[in-house]
Amino acid sequence: MLDPRLLRNDPQSVAVALARRGFEFDAAGYAALEEKRKALQTRAESLQAERNQRSKAIGKAKAAGEDIEPLKEAVAGLGAQLDQAKAELETIAEQLNDIQSGLPNLPDADMPDGADEDDNVVVRHWGEPPSFDFEVADHVAVGEKLHGLDAATAAKITGARFTIMQGGVARLHRALIAYMIDKHVASGYTEVNVPYIVNSKSLYGTGQLPKFGDDLFRLAEPDDYYLIPTAEVPVSNMVAGEIVEPERLPLRYVAHTPCFRAEAGSAGRDVRGMIRQHQFEKVELINIAHPDQSDACHEAMLASAESVLQDLELAYRVVDLCGGDIGFSAARTFDLEVWLPSQQTYREISSISNTRDFQARRMGARYRDAETGKPRLLHTLNGSGVAAGRALVAVLENHQRADGSVGVPAALRPYMGGIDVIEPTVE
RNA sequence: GGAGAGGUGGCCGAGUGGUCGAAGGCGCUCCCCUGCUAAGGGAGUAAGGGGUUUAUAGCCCCUUCGAGGGUUCGAAUCCCUCCCUCUCCGCCA
């Protein structure tokens with residue numbers, strides 16, 4: 001949510017800023033609605049003030065043993081007027097609120113302009129895409145050869161966009177997760193284990209609702225809950241409604257969770273393999289920061305995620321998302337894209353965003369300002385460190401060998417019982 | 001699931017229809033005292049919103065005692081619904 005004061009005082013500048021991300025904001029219409037709101041609110045509040053005053057007078061008269069009947073008669077007409085004024089105000093307030101909750105975040109000044117992902121700016125590359133002296137297989141073929149990936153059986157059990165991992169591949173997946181969590185904990189993150197099911201309020205707080213409900217799996221019964229699309233939702237909402245003492249900042253959390261996404265609207269995309277699943281696992285980094293710290297936190301999170309890929313010996317590039325590609329809640333986002341030999345291209349494996357006070361305002365997440373003692377909105381940041389499913393894909397593809405085996409990066413060997421290669425198993 | 005208790009400010013905790021945004025305590029801030037430390041004395045200290053305004057200063061006003069309805073001139077206090085927490089029982093990983 002954007003600062004309502006900014007929307008009121010300078011809707012035109014908001015419209016200009018949001019246009020950079022291809023969002024059309026009707027500043028004039030909003031301003032007109034605001035004018036109405038102001039008039040209605042002033043009227044409702046002055047009626048309320050009058051009634052409060054009169055009621056107080058009745059109280060005093062009664063305490064003094066006076067006859068209060070005439071005083072009560074004098075208030076008689078006020079109630080109906082007040083109710084009507086309140087109802088009118090509420091109608092307008094709802095309209096304003098609907099508009100506000102649908103507005104995406106203001107982009108940072110540094111965010112690149114652009115219409116779509118083709119306009120994202122490549123910041124840097126790390127590592128060389130590996131060369132192979134045999135014909136590379138994609139991760140599906142590699143996984144099948146290892147008897148480690150089985151989409152068909154998962155489809156029987158559930159449906160499309162699910163996978164069964166087994167044997168060495170399942171263990172590799174688990175190793176990736178354990179390694180990543182341990183690494184981030186070693187660099188100062190606090191490991192948290194959080195609910196994978198959340199209520200709508202939490203999803204509103206991080207910005208998935210009300211606009212993006214179609215992307216979510218919803219549990220209608222026995223409660224109106226949702227499966228999380230990312231750990232960002234439960235972890236960020238840990239500070240919802242809280243006032244955090246400044247000396248605790250930044251809060252740095254790492255969480256491993258499954259993520260559930262309906263993938264509405266992506267039918268036909270990445271249908272083969274594990275790139276785009278309804279269920280995948282992710283190690284997520286969350287920072288809850290003082291506004292002065294948030295840029296530094298953003299950089300540090302990016303570095304943390306990068307070092308995972310470096311440890312895994314995977315070539316990647318860092319991309320600065322442009323206005324046409326950046327997410328609803330983010331002011332600035334860096335993606336990590338890992339090299340996939342089968343596709344001869346870089347694919348997203350991590351997305352690291354600073355939402356500034358956008359989510360904090362929706363969640364009511366604040367810190368106490370050391371100087372003024374007043375509560376101020378926090379900044380929240382989230383980033384994958386990294387997506388486990390896609391990391392598995394990247395390792396299978398980049399470390400595959402001609403004989404169908406897959407090399408285990410040194411960083412993962414302690415988590416793989418010391419083995420340095422996954423061999424095809426006989427069923 | 002059954003029975004009971006409870007949800008009040010940063011925290012703890014009083015408060016069963018009016019003068020209560022709310023006693024008291026803790027914490028915090030400032031001042032005084034004490035040659036350090038500890039203790040002591042005094043003052044202050046909720047949040048959100050609107051109007052006015054160059055202003056997140058001041059002033060005026062509204063709202064908020066788990067959430068939402070209701071009764072009433074007036075609700076933290078009474079009634080209804082829901083949510084959450086705790087205790088005991090049941091069940092269960």
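Every chain is numbered from 1 and lettered A, B, ... according to where its sequence line falls, protein lines coming before strand lines.
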How many Å lie between [atom1] on [X] and [atom2] on [N], as a whole number?
| X | N | atom1 | atom2 | answer |
| --- | --- | --- | --- | --- |
| A:Q53 | B:C61 | CD | P | 8 Å |
| A:E34 | B:G49 | CD | P | 13 Å |
| A:L89 | B:C62 | CG | C1' | 11 Å |
| A:L7 | B:G50 | CG | P | 11 Å |
| A:K56 | B:A75 | NZ | P | 12 Å |
| A:R43 | B:G51 | CZ | C1' | 16 Å |
| A:N97 | B:G48 | CG | P | 18 Å |
| A:K60 | B:G17 | NZ | C1' | 17 Å |

Say we look at [N] and [M]: how far apart would their [atom1] atoms be, to the nearest angstrom?
| N | M | atom1 | answer |
| --- | --- | --- | --- |
| B:C78 | B:C89 | P | 31 Å |
| B:U87 | B:C32 | C1' | 49 Å |
| B:C20 | B:U8 | C1' | 12 Å |
| B:C62 | B:A5 | C1' | 35 Å |
| B:C59 | B:G7 | P | 35 Å |
| B:C11 | B:A47 | C1' | 16 Å |
| B:A14 | B:U72 | C1' | 26 Å |
| B:G42 | B:U52 | P | 43 Å |

Residue closer to the 5' end of RNA chain B, A:T42 versus A:I243 (nearest nucleotide):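 Counting from the 5' end, the first nearest nucleotide belongs to A:I243.
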
Does A:P375 or A:D223 map to a spot on RNA chain B nearer the 5' end, using the closest nucleotide for each?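 Final value for this comparison: A:P375.
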
Distance below 4.0 Å between A:R37 side-chain N/O and B:G51 OP1 or OP2: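 Yes, because at least one side-chain N or O of A:R37 sits under 4.0 Å from OP1 or OP2 of B:G51.
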
Nucleotide of [options] approaching [X] most closely (side-chain heavy atoms):
| X | options | answer |
| --- | --- | --- |
| A:K374 | B:G51, B:U63, B:A47 | B:A47 |
| A:R368 | B:G48, B:C73, B:G10 | B:G10 |
| A:A49 | B:G48, B:C61, B:C73 | B:C61 |
| A:Q48 | B:C73, B:C84, B:C62 | B:C62 |
| A:R5 | B:U63, B:C73, B:G49 | B:G49 |
| A:N52 | B:U63, B:G18, B:U56 | B:U63 |
| A:K38 | B:G51, B:C84, B:C62 | B:G51 |
| A:R51 | B:G48, B:U19, B:G74 | B:G74 |
| A:R376 | B:G51, B:U56, B:G50 | B:U56 |

When A:D270 is tested against each of A:R347, A:R161, A:R390 for salt bridge (Lys or Arg N to Asp or Glu O under 4.0 Å), which residue passes?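 Only one option passes, and that is A:R347.
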
Does any non-hydrogen side-chain atom of A:E313 lie less than 4.5 Å from one of A:N398?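 When only atoms from C-beta onward are counted, A:E313 and A:N398 do not touch, as no gap falls below 4.5 Å.
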
Looking at A:D357, A:N354, A:T355, A:N287, which one forms a side-chain hydrogen bond (donor to acceptor under 3.5 Å, both in side chains) with A:T380?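 When A:D357, A:N354, A:T355, A:N287 are each tested with A:T380, the side-chain hydrogen bond (donor to acceptor under 3.5 Å, both in side chains) holds only for A:T355.
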
Can A:S329 and A:N105 be counted as having a side-chain donor-acceptor contact under 3.5 angstrom?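 No donor-acceptor contact under 3.5 Å links the two side chains.
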
Please convert RNA chain B into dot-bracket. A pair counts if it is Watson-Crick or G-U wobble with both distances under 3.5 Å; crossing pairs go in [ ] and bases paired with another strand get |. ((((((((.[[[..)..(.....]]]((((((.......))))))(((((((.....))))))).[[[[[..)....]]]]])))))))....

Using 4.0 Å as the upper bound for N to carboxylate O, is an ion pair formed by A:E34 and A:K38?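 No, this pair does not count.
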
Within a reach of under 6.0 Å around CD of A:E247, are more than 12 heavy atoms found that belong to other residues, nucleotides or ligands?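 More than 12 heavy atoms, drawn from other residues, nucleotides or ligands, come within 6.0 Å of this atom.
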
In Å and rounded to the nearest 0.5 Å, what is the CG to CD1 distance from A:L176 to A:I181?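 Answer rounded to 0.5 Å: 11.0 Å.
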
What does A:R361 touch in the nucleic acid at a heavy-atom separation under 4.0 angstrom: a base, only the sugar-phosphate, or nothing?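 Contact class for A:R361: none.
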
For residues 300-308 of chain A, run the donor-acceptor check on the side chains, cut-off 3.5 Å, and write out each pair with its distance to 0.1 Å, sequence neighbours left out.
unit_1 : atom_1 : unit_2 : atom_2 : d
A:S304 : OG     : A:A300 : O      : 3.2
A:E306 : OE1    : A:R124 : NE     : 3.4
A:E306 : OE1    : A:Y316 : OH     : 2.6
A:E306 : OE2    : A:R124 : NH2    : 2.5
A:S307 : OG     : A:K183 : NZ     : 3.2
A:S307 : OG     : A:S304 : O      : 3.2

So does A:E117 get a backbone contact from the side chain of A:N120, meaning a donor-acceptor N/O pair under 3.5 Å?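 Yes; at least one donor-acceptor contact below 3.5 Å.
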
